[in-house]
Amino acid sequence: MPASAVHVLVLGGTTEARRLAESLAGDRSVRVTTSLAGRVAAPRLPPGEVRVGGFGGPEGLAAWMREHRVDALIDATHPFAAAMSRNAAEAAALAHVPLLALRRPGWVAQDGDRWHSAGSLAEAAGLLPALGERVFLTTGRMGLAAFAGAGLDALWFLVRSVDAPEPPCPARMEVLLDRGPFDLDGERELLRRHRIDVLVTKDSGGDATAPKLTAAREAGIPVVVVRRPPVPDGVPVARTSDEAARWVRRLHAPG
């Protein structure tokens with residue numbers, strides 16, 4: 001790696017972050033370090049350098065970028081990692097490093113969808129008693145406390161996540177440990193086998209977990225969609241890893 005290589009820190013953990021690292025890996029003018037939060041037990045590691053664990057808030061992230069001479073920061077975390085995105089924006093300002101948010105587009109409702117929008121997991125939980133009794137919960141293992149309230153004890157939950165959830169959890173629950181991508185036939189069978197009558201999901205976007213939406217539409221099942229938080233003010237957004245890679249090369253192009 002040339003000493004003059006541009007050092008890009010990618011806050012990762014998403015498919016887009018891994019694709020970006022792959023796109024930049026063959027460019028000898030770019031050095032890529034991907035940071036993973038460490039919340040998944042066996043993450044899929046991208047090419048290039050990888051660090052695992054937190055930074056200690058925005059000040060810690062800014063200090064790390066100064067120490068390691070980071071030239072550009074890309075926030076490619078999950079669309080719902082709002083705290084990390086805020087930290088990234090503050091750290092970039094502190095370290096005077098340009099910042100780009102890499103966010104896949106959200107899902108768009110289609111004809112036949114029975115979507116109910118919610119601004120939070122707690123709001124989503126409050127909608128459930130009026131929509132169904134057997135809930136397919138695909139919001140991940142974090143935040144299950146929102147569905148553990150006494151008012152939801154009559155509901156049954158199928159919780160799908162990559163790693164096993166920790167308490168507090170819904171009173172009546174079955175855990176399905178699995179990692180996307182998921183196919184449509186599998187999602188259809190899962191809804192049928194577990195007699196699911198309502199689906200809860202975050203608007204994470206992308207293709208890997210979208211088949212559940214098609215399966216729910218076909219079955220006439222209502223879907224509670226938790227809206228994603230906004231990107232911090234003033235942060236430019238790329239929708240694809242290719243667009244983010246072009247931003248890196250354009251940002252540091254000679255002249």
Side-chain angles (χ1 to χ4, degrees), residues 7-25 31-68 70 72-95 97 99-104 106 120-121 137-146 159-169 175 177-181 201-206 208-209 226-232 235 237-238 241 244 248:
H7 190 189
V8 180
L9 175 61
V10 179
L11 305 178
T14 60
T15 300
E16 289 75 23
R18 191 169 62 252
R19 288 174 178 167
L20 175 60
E22 292 168 352
S23 176
L24 296 174
R31 172 189 170 195
V32 180
T33 300
T34 300
S35 176
L36 303 176
R39 291 177 177 170
V40 176
R44 297 172 180 173
L45 298 181
E49 300 173 43
V50 177
R51 71 173 300 280
V52 178
F55 291 94
E59 294 82 5
L61 174 54
W64 194 95
M65 289 193 291
R66 293 190 196 99
E67 178 184 354
H68 295 270
V70 171
L73 176 63
I74 297 182
D75 172 16
T77 55
H78 192 276
F80 282 82
M84 189 65 233
S85 294
R86 289 192 298 270
N87 286 351
E90 186 175 341
L94 289 171
V97 170
L99 168 65
L100 177 74
L102 175 52
R103 293 288 186 274
R104 69 186 79 134
S120 65
L121 292 176
L137 190 56
T138 65
T139 55
R141 68 186 181 93
M142 309 296 289
L144 290 185
V159 176
R160 182 165 69 191
S161 64
V162 176
D163 295 315
E166 298 178 357
C169 296
V175 176
L177 298 182
D178 205 353
R179 184 201 302 263
T201 184
K202 293 178 177 177
D203 181 17
S204 55
T209 61
V226 181
R227 299 187 300 273
R228 60 173 64 178
V231 171
V235 178
V237 178
S241 55
V248 170

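Side chains are part of it too, since the values below use all heavy atoms of this structure and drop only hydrogens, waters and symmetry mates.
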From [X] [atom1] over to [Y] [atom2], what is the distance, rounded to the nearest 0.5 angstrom?
{"X": "M142", "Y": "D163", "atom1": "CE", "atom2": "CG", "result": "10.5 Å"}
{"X": "T139", "Y": "L144", "atom1": "OG1", "atom2": "CG", "result": "6.0 Å"}
{"X": "F80", "Y": "S120", "atom1": "CZ", "atom2": "OG", "result": "10.5 Å"}
{"X": "L94", "Y": "N87", "atom1": "CG", "atom2": "CG", "result": "10.5 Å"}

For side-chain contact (heavy atoms from CB on, under 4.5 Å), just list the numbers for V162 and R141, CA-CA rounded to whole Å, side-chain angles, deciding distance to a tenth of an Å, and then say yes or no. CA-CA 8 Å; V162 176; R141 68 186 181 93; over 6 Å; no
Minimum heavy-atom distance [X]-[Y], with the two atoms named:
{"X": "A89", "Y": "L99", "value": "CA-CD2, 3.5 Å"}
{"X": "S204", "Y": "T209", "value": "OG-OG1, 4.1 Å"}
{"X": "L73", "Y": "A88", "value": "CD2-O, 3.8 Å"}

Evaluate whether atom CZ of R228 has more than 12 neighbouring non-hydrogen atoms of other residues, nucleotides or ligands under 6.0 angstrom away.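 Atom CZ in R228 is crowded, with more than 12 foreign heavy atoms closer than 6.0 Å.
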Evaluation steps, side-chain contact (heavy atoms from CB on, under 4.5 Å), between R103 and D75: CA-CA 8 Å; R103 293 288 186 274; D75 172 16; 2.8 Å; yes
Between S23 and R19, is there a donor-acceptor pair closer than 3.5 Å when you use the side chain of the first and the backbone of the second?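 Side chain of S23 to backbone of R19, a donor-acceptor pair under 3.5 Å: no, none is there.
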Would you tabulate the side-chain donor-acceptor contacts of residues 9-16 under 3.5 Å, counting partners in other chains and residues two or more places apart, or write 'none'?
{"residue": "T14", "atom": "OG1", "partner": "A17", "partner atom": "N", "Å": "3.1"}
{"residue": "T14", "atom": "OG1", "partner": "A76", "partner atom": "O", "Å": "2.7"}
{"residue": "E16", "atom": "OE1", "partner": "R104", "partner atom": "NE", "Å": "3.1"}
{"residue": "E16", "atom": "OE1", "partner": "R104", "partner atom": "NH2", "Å": "2.9"}
{"residue": "E16", "atom": "OE2", "partner": "R104", "partner atom": "NE", "Å": "3.1"}

Listing, residues 46-61 side-chain donor-acceptor contacts under 3.5 Å, not counting sequence neighbours, or none:
{"residue": "E49", "atom": "OE1", "partner": "R31", "partner atom": "NH2", "Å": "3.1"}
{"residue": "E49", "atom": "OE2", "partner": "R31", "partner atom": "NE", "Å": "2.7"}
{"residue": "R51", "atom": "NH1", "partner": "S35", "partner atom": "OG", "Å": "3.1"}
{"residue": "R51", "atom": "NH1", "partner": "G53", "partner atom": "O", "Å": "2.8"}
{"residue": "R51", "atom": "NH2", "partner": "G54", "partner atom": "O", "Å": "3.3"}

Taking the six-membered ring for Trp, are W64 and H68 parallel (under 30°), tilted (30 to 60°) or perpendicular (over 60°)?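 W64 and H68: parallel rings.
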Test item: I74 and L20 side chains (from C-beta on) under 4.5 Å apart, heavy atoms: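 Yes; the side chains approach each other to less than 4.5 Å.
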Who pairs with R160 by salt bridge (charged side-chain N to carboxylate O under 4.0 Å, His left out), at least two apart in sequence or on another chain?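 Listed in chain order: E187.
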Determine whether R227 and D203 satisfy the following criterion, side-chain contact (heavy atoms from CB on, under 4.5 Å), listing intermediate values before the conclusion. CA-CA 6 Å; R227 299 187 300 273; D203 181 17; 5.9 Å; no
Are C169 and V159 close enough, and set up right, to give a side-chain contact (heavy atoms from CB on, under 4.5 Å), and what steps lead you there? CA-CA 10 Å; C169 296; V159 176; over 6 Å; no
